[in-house]
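I have placed the structure first, in the form of structure tokens, so that the comments after it can refer back to it.
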Amino acid sequence: MLGVVVTETLYRTHPDLPEGKLAKLRAAVVNARALAEVGQAIGLGQHIKLGRGEEATGGREKASIVSDTVEAVIGAVHLSGGIEVSTVLVHRLFDPLIEAASDLGAGLDWKTSLQELAAERALGVPEYVITDEGPDHMKTFTAKVRVGDQLYGNGVGRSKKEAEQAAAETAYGEIQASASSSA
């Protein structure tokens with residue numbers, strides 16, 4: 001349901017955008033991180049019934065649990081209220097994200113944007129260097145990205161993917177800044 005409403009909204013608000021750009025916009029809105037942000041913004045974690053283990057390890061704040069719960073709530077609303085009611089809910093929860101994604105440009109997916117920038121400048125394929133620390137249930141990942149023979153960026157996150165995106169964002173900015181300062 002979420003994917004259908006977001007896709008239709010993006011197509012109707014940006015009919016002139018190429019399919020690839022629309023797909024990036026959709027991916028920026030319909031993903032686990034965005035779902036978790038929406039769930040956390042509305043305080044959904046406080047209403048989740050958890051087992052003792054998840055409760056003890058901070059399950060109410062875990063992005064994966066919150067994002068799955070947002071999907072479940074949308075599904076339940078759809079089953080009980082139909083397409084009209086679930087569409088209203090999706091718009092209420094996700095329209096701000098859709099609008100923000102439309103304004104992000106390169107920031108829709110920093111890893112893809114960095115890869116495109118590196119290819120454009122013939123710097124080679126970005127490679128991510130990941131380290132982690134902490135116990136298995138509370139790991140923190142740190143990422144740097146090697147582009148050519150240079151190490152860029154510094155990203156920290158609760159998952160490897162999150163850390164890589166953060167590293168790609170800072171690397172993108174560093175490469176852009178070095179190009180403009182040498183111009």
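Side chains are part of it too, since the values below use all heavy atoms of this structure and drop only hydrogens, waters and symmetry mates.
Of all the heavy atoms in Leu35 and Ser67, the pair that sits closest is CB-CB, 3.5 Å. Of all heavy-atom pairs between Ala27 and Asn31, the closest is O-ND2, 2.7 Å. When all heavy atoms of Gly155 and Ala166 are compared, the pair lying nearest together is CA-CB, 3.6 Å. Residues Ala28 and Ala34 come closest through the heavy atom pair O-CB, 3.8 Å.
His47 meets the side-chain hydrogen bond (donor to acceptor under 3.5 Å, both in side chains) test with no other residue; sequence neighbours excluded.
Contacts classified as salt bridge (Lys or Arg N to Asp or Glu O under 4.0 Å) and involving residues 36-46 (residues at least two apart or in different chains) are given here: Arg33-Glu37. Sorted by first and then second residue, the salt bridge (Lys or Arg N to Asp or Glu O under 4.0 Å) pairs involving residues 159-172 (not counting sequence neighbours) are Lys111-Glu164.
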When the side chains of residues 9-17 are checked against the rest of the protein, which donor-acceptor pairs come out under 3.5 Å, sequence neighbours left out?
{"unit_1": "Thr9", "atom_1": "OG1", "unit_2": "Val5", "atom_2": "O", "d": "2.8"}
{"unit_1": "Arg12", "atom_1": "NE", "unit_2": "Glu8", "atom_2": "OE2", "d": "2.8"}
{"unit_1": "Arg12", "atom_1": "NH2", "unit_2": "Glu8", "atom_2": "OE2", "d": "3.0"}
{"unit_1": "Thr13", "atom_1": "OG1", "unit_2": "Thr9", "atom_2": "O", "d": "2.8"}
{"unit_1": "Thr13", "atom_1": "OG1", "unit_2": "Leu10", "atom_2": "O", "d": "3.4"}
{"unit_1": "His14", "atom_1": "NE2", "unit_2": "Ser102", "atom_2": "OG", "d": "2.9"}

Just distance, no hydrogens or angles: give the donor-acceptor pairs under 3.5 Å from side chains in residues 74-86, sequence neighbours left out.
{"unit_1": "His78", "atom_1": "ND1", "unit_2": "Ser86", "atom_2": "OG", "d": "3.0"}
{"unit_1": "Ser80", "atom_1": "OG", "unit_2": "Ala76", "atom_2": "O", "d": "3.1"}
{"unit_1": "Ser80", "atom_1": "OG", "unit_2": "Val77", "atom_2": "O", "d": "3.4"}
{"unit_1": "Ser86", "atom_1": "OG", "unit_2": "Gly82", "atom_2": "O", "d": "3.0"}
{"unit_1": "Ser86", "atom_1": "OG", "unit_2": "Ile83", "atom_2": "O", "d": "3.2"}

Under 3.5 Å, sequence neighbours excluded: what are the donor-acceptor pairs made by side chains of residues 142-152?
none

(Q) side chain to side chain contact (heavy atoms under 4.5 Å, CB included), that's the test. Do Leu89 and Phe94 meet it? Break it down for me. (A) CA-CA 8 Å; Leu89 175 65; Phe94 288 88; over 6 Å; no
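Transitive grouping of hydrophobic side chains (ILVMFWY, heavy atoms separated by less than 4.5 Å) keeps Val38 and Ile48 in distinct clusters. Criterion: ILVMFWY side-chain heavy atoms under 4.5 Å apart, direct or through other members. Under it, Leu97 and Val66 are not part of a common hydrophobic cluster.
Between Arg92 and Asp95 there is no salt bridge, since no side-chain nitrogen of the basic residue lies less than 4.0 Å from a carboxylate oxygen of the acidic one. Look at Arg60 and Glu55 and you find a salt bridge, because one of the NZ, NE, NH1 or NH2 atoms lies within 4.0 Å of a carboxylate O, short of that distance.
Between Leu117 and Gln176 there is a side-chain heavy-atom pair separated by less than 4.5 Å. Between Val4 and Thr87 there is no side-chain heavy-atom pair separated by less than 4.5 Å. Inter-residue side-chain proximity for Leu44 and Gln40 is flagged as unmet; no heavy-atom pair is nearer than 4.5 Å. No side-chain heavy atom of Met138 sits less than 4.5 Å from a side-chain heavy atom of Thr57.
How far OG1 of Thr69 is from NZ of Lys62: 12.0 Å, rounded to the nearest 0.5 Å. Here the CZ-CG distance, from Phe141 to Asp132, works out to 5.0 Å after rounding to the nearest 0.5 Å. Within the model, atoms CD of Glu116 and OG1 of Thr112 stand 6.5 Å from one another, a figure rounded to the nearest 0.5 Å. Taking CD from Glu120 and CD from Gln115, the interatomic distance works out to 13.0 Å, rounded to the nearest 0.5 Å.
With Asp68 contributing its side chain and Ile65 its backbone, the two residues share no donor-acceptor pair below 3.5 Å.
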